[in-house]
*Asks:* 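Below is one structure. I have some questions about it.
Here is the naming used below: chain letters follow the sequence lines, and residue numbers restart at 1 for every chain.
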Number of protein chains: 2
Amino acid sequence: MASKYMKIYNEIVSEIQNGNIEPRSMLKSESELMQEYSVSRDTVRKALNLLERDGYIQRLQGKGSIVLDINKFDFPVSGLTSFKELSERMGGRTRTYVKELALVKPNDFLMKHLNVSKDDEVWKVVRVREIGGKKIILDKDYFNRKFVPALTREICEDSIYEYIENKLGLKIGYAKKVITVQKASEEDIKYLDFDKFDMIVVVKNYVYLEDTTLFQYTESRHRPDKFRFVDFARRSR
Amino acid sequence: MASKYMKIYNEIVSEIQNGNIEPRSMLKSESELMQEYSVSRDTVRKALNLLERDGYIQRLQGKGSIVLDINKFDFPVSGLTSFKELSERMGGRTRTYVKELALVKPNDFLMKHLNVSKDDEVWKVVRVREIGGKKIILDKDYFNRKFVPALTREICEDSIYEYIENKLGLKIGYAKKVITVQKASEEDIKYLDFDKFDMIVVVKNYVYLEDTTLFQYTESRHRPDKFRFVDFARRSR
DNA sequence: TAGTGGTCTAGACCACGGG
DNA sequence: CCGTGGTCTAGACCACTAG
């Protein structure tokens, strides 16, 4: 897990985030890094490739690697950022209210989205997220019970992801997000501090394990004025 | 440009997209691919890394690589997808109306977003995008004139990106997108077929060249009911 | 045990940028 | 010219999966 190139990657990332490495400056060259870490060039290059993928540096043939000027508050960008990570970054006082926590039989909607049969059972979790005193996000999560045998209110109030990855040891592989804007539902209006808005931003999230089985479906419903999504993209080359 | 691993990547991508390789099936092993393409293992692995990064396959230690079941209509996902690529994928009849095309002196807003001084000149392009007979997107583009000396109505009606990358030879490195939802402006309502909506989805796009200079700022304003954004994300590993 | 992918090494040649 | 990053090779050892 703690491969050499991952250590190099993590060290450089924290140096950039701490400001020890100046944005817009040149990163050490590959050969310097080889000596510094006593590794082969390929190992250095693996670390640099990850840094480039994640938007920390830009590599230029014949010149070197420039450290990009990342606005820390926008970062990280297109990760699997959960509410807990998000709220830690935003700072403001946050709370989570568990409105519903139950095992349900899947309806057609769930069978379509979660790849479960009508004999399986599914955890349904409905949570309201409050930031700075305002109820802004309505999260509806569905898990296949096969993977998550037990679930408690306490876990839901904290971070379900942490429980799943650390306690259950399930390995999340990848996720697909779809963002759309819809008319707000009665449920949205009932649970959220809605003021004058009649639309809602819906982020559908499909989470897959490393063995490619679909494991969780989440709908995250955001008050439109508070929604913000940042994405970093590279040309395919 | 046409490196060996890129050829392998492209071949496998098109085989997946054509359906020649079944989703959920096992991809050929690394050693098989080495023989098939007569390359070293490292070269095969470079191609496979890209395929995994882009969401085409999932690699499993000890087993092999599974071909993921990509919904073609959602794909590609978090690229630098321009309107032209987008409309080609959506199929429907599309049109572009150039509403404004001028060299302007930058105001405070532009100086902040485009890194230009008050003596530079900036291209301003305002375009309305029509899909299926409905005017749905309002694109406002700003380019530093330093990089784009000339710009015509014809280029704007086609694809500015194509002109920039192929004709001018500028190399786009990366881009940052910020998605928010705002109250619709008078300009939005004037130019778009707006029906009953009063909100608009704003996609701010900052495009950088390979040498990390900010080159273009774009605001893409979408009618909320027609907006859809798909993102594919991997765990940091 | 055999086959798969994951990491690491050492060395080669090329393309590009700048003095 | 030299130093940079980009590509490619051959070989080694490890970790994991499955029969």
Side-chain angles (χ1 to χ4, degrees), chain A residues 1-12 21 24-53 56-68 169-171 173-174 209-213 234-237, chain B residues 1-12 21 24-53 56-68 169-171 173-174 209-213 234-237:
Chain A
M1 192 76 255
S3 54
K4 289 186 185 179
Y5 73 86
M6 257 307 173
K7 275 186 199 154
I8 299 173
Y9 169 83
N10 287 324
E11 277 197 35
I12 296 178
I21 301 179
R24 327 297 298 174
S25 71
M26 240 42 179
L27 197 65
K28 293 191 191 73
S29 73
E30 293 181 357
S31 53
E32 284 175 298
L33 291 170
M34 284 168 67
Q35 290 176 28
E36 188 172 323
Y37 291 98
S38 304
V39 295
S40 71
R41 189 171 167 221
D42 194 53
T43 301
V44 167
R45 285 178 61 76
K46 268 186 193 151
L48 295 181
N49 280 334
L50 289 183
L51 289 167
E52 183 172 37
R53 263 202 215 356
Y56 289 106
I57 64 171
Q58 173 76 29
R59 307 170 85 189
L60 293 168
Q61 198 170 29
K63 294 216 273 195
S65 297
I66 298 184
V67 180
L68 296 184
L170 294 175
K171 284 185 191 159
Y174 55 98
L209 299 178
E210 278 193 345
D211 66 0
T212 77
T213 57
R234 278 194 178 281
R235 257 311 191 210
S236 52
R237 78 212 80 176
Chain B
M1 192 76 259
S3 54
K4 289 187 186 178
Y5 73 86
M6 258 307 174
K7 275 185 200 155
I8 299 173
Y9 169 83
N10 287 325
E11 278 197 33
I12 295 178
I21 300 180
R24 325 297 299 176
S25 71
M26 241 40 179
L27 197 65
K28 292 192 191 73
S29 73
E30 293 181 357
S31 54
E32 284 175 298
L33 291 170
M34 284 168 68
Q35 289 177 28
E36 187 171 325
Y37 290 99
S38 304
V39 294
S40 70
R41 188 169 167 222
D42 195 54
T43 301
V44 168
R45 285 179 60 76
K46 268 186 193 150
L48 295 182
N49 280 335
L50 290 183
L51 289 168
E52 181 171 39
R53 189 248 275 164
Y56 289 107
I57 63 172
Q58 174 76 30
R59 307 169 84 189
L60 294 168
Q61 196 169 29
K63 294 216 272 196
S65 297
I66 297 185
V67 180
L68 296 184
L170 293 175
K171 282 183 191 162
Y174 55 97
L209 299 178
E210 277 194 343
D211 66 0
T212 77
T213 58
R234 269 187 189 284
R235 258 311 191 210
S236 49
R237 74 211 88 170

*Asks:* Nearest-Å distance, CG (A:Leu33) to P (C:dT9)?
*Replies:*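 To the nearest whole Å, that distance equals 13 Å.
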*Asks:* Considering all heavy atoms of both residues, which atom of B:Thr43 and which atom of B:Tyr5 are nearest to each other, and what is their separation?
*Replies:*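 Looking at all heavy atoms of both residues, the closest pair is O-CB, 3.5 Å.
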*Asks:* Nearest-Å distance, OH (B:Tyr37) to P (D:dT9)?
*Replies:*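 Atom OH in B:Tyr37 sits about 14 Å away from atom P in D:dT9.
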*Asks:* Take the protein atom CD of A:Glu30 and the nucleotide atom C1' of C:dC14, then report the distance between them rounded to whole Å.
*Replies:*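 Between C1' of C:dC14 and CD of A:Glu30: 14 Å.
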*Asks:* Output the rounded distance in Å from CG (B:Asn49) to P (D:dG6).
*Replies:*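 After rounding, the gap between these two atoms is 15 Å.
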*Asks:* Using atom CD1 of A:Ile8 as one end and atom C1' of C:dC8 as the other, report the distance to the nearest whole Å.
*Replies:*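 One finds 11 Å between C1' of C:dC8 and CD1 of A:Ile8, rounded.
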*Asks:* Under 4.0 Å from OP1 or OP2 of C:dT7: is there any side-chain N or O of A:Tyr5 that close?
*Replies:*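 Affirmative; the distance criterion is met.
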*Asks:* Using Watson-Crick or G-U wobble geometry with both distances under 3.5 Å, which nucleotide pairs with C:dA2?
*Replies:*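 D:dT17 is the nucleotide pairing with C:dA2.
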*Asks:* Is B:Ile8 close to B:Glu36 at the side-chain level, that is, under 4.5 Å between some pair of heavy atoms?
*Replies:*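 Answer no - side chains too far apart.
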*Asks:* Could you state the CG-P distance from B:Asp211 to C:dC16, rounded to the nearest angstrom?
*Replies:*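 In whole Å, C:dC16 P lies 16 Å from B:Asp211 CG.
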*Asks:* Would you kindly give the CD1-to-P distance between A:Ile57 and D:dT4, to the nearest whole Å?
*Replies:*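 Those two atoms, CD1 and P, are 15 Å apart.
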*Asks:* Does A:Glu52 offer a backbone N or O that forms a donor-acceptor pair with the side chain of A:Arg234 under 3.5 Å?
*Replies:*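 Checked: pair present.
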*Asks:* Is there a donor-acceptor contact under 3.5 Å linking the side chains of A:Ser40 and A:Asp42?
*Replies:*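 No donor-acceptor contact under 3.5 Å links the two side chains.
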*Asks:* Can you check whether B:Ser31 has a side-chain N or O nearer than 4.0 Å to OP1 or OP2 of C:dT4?
*Replies:*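 Checking C:dT4 against B:Ser31, a side-chain N or O does come within under 4.0 Å of OP1 or OP2.
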*Asks:* Evaluate the side-chain proximity of A:Thr212 to B:Arg24: yes if any heavy-atom separation is below 4.5 Å, no if none is.
*Replies:*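 Yes - at least one pair of side-chain heavy atoms lies under 4.5 Å apart.
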*Asks:* Starting at atom CD of A:Glu210, determine the distance to atom C1' of D:dC16, rounded to an integer number of angstrom.
*Replies:*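 Result: 12 Å.
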*Asks:* Kindly give the heavy-atom pair with the smallest separation between B:Val67 and B:Leu27, and that separation in Å.
*Replies:*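 Scanning both residues, the minimum pair turns out to be CG2-CD1, 4.1 Å.
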*Asks:* Checking side-chain hydrogen bond (donor to acceptor under 3.5 Å, both in side chains) between B:Tyr37 and each of B:Lys4, B:Lys7, B:Glu11, which is the one that passes?
*Replies:*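 Going through B:Lys4, B:Lys7, B:Glu11 one by one, the side-chain hydrogen bond (donor to acceptor under 3.5 Å, both in side chains) with B:Tyr37 is satisfied by B:Glu11 alone.
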*Asks:* Taking atom CD of A:Glu32 as the centre, does the number of heavy atoms from other residues, nucleotides or ligands within less than 6.0 Å exceed 12?
*Replies:*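 Enclosed: over 12 neighbouring heavy atoms sit under 6.0 Å from CD of A:Glu32.
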*Asks:* Specify the residues of residues 39-48 of chain B, ordered by number, for which at least one heavy atom lies under 4.0 angstrom from an atom of DNA chain C.
*Replies:*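 Hits under 4.0 Å, by residue number: B:Arg41, B:Arg45.
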*Asks:* With a 4.0 Å cutoff (strictly under), does any side-chain N or O of B:Lys28 reach OP1 or OP2 of C:dT4?
*Replies:*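 For B:Lys28, the contact criterion (side-chain N or O under 4.0 Å from OP1 or OP2 of C:dT4) is not met.
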*Asks:* Search all heavy atoms of A:Glu210 against all heavy atoms of B:Leu60 and return the closest pair with its distance.
*Replies:*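 Scanning both residues, the minimum pair turns out to be O-CD2, 3.1 Å.
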*Asks:* Using a 4.0 Å cut-off on heavy atoms, which residues in residues 58-65 of chain A reach DNA chain D? List them by number, or say none.
*Replies:*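 The stretch gives A:Arg59, A:Leu60, A:Gln61, A:Gly62, A:Lys63, A:Gly64 as the residues lying under 4.0 Å from the strand, ordered by number.
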*Asks:* Is the phosphate of C:dT4 approached by B:Ser29 (side-chain N or O, under 4.0 Å from OP1 or OP2)?
*Replies:*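 The answer is yes; a side-chain N or O of B:Ser29 sits under 4.0 Å from OP1 or OP2.
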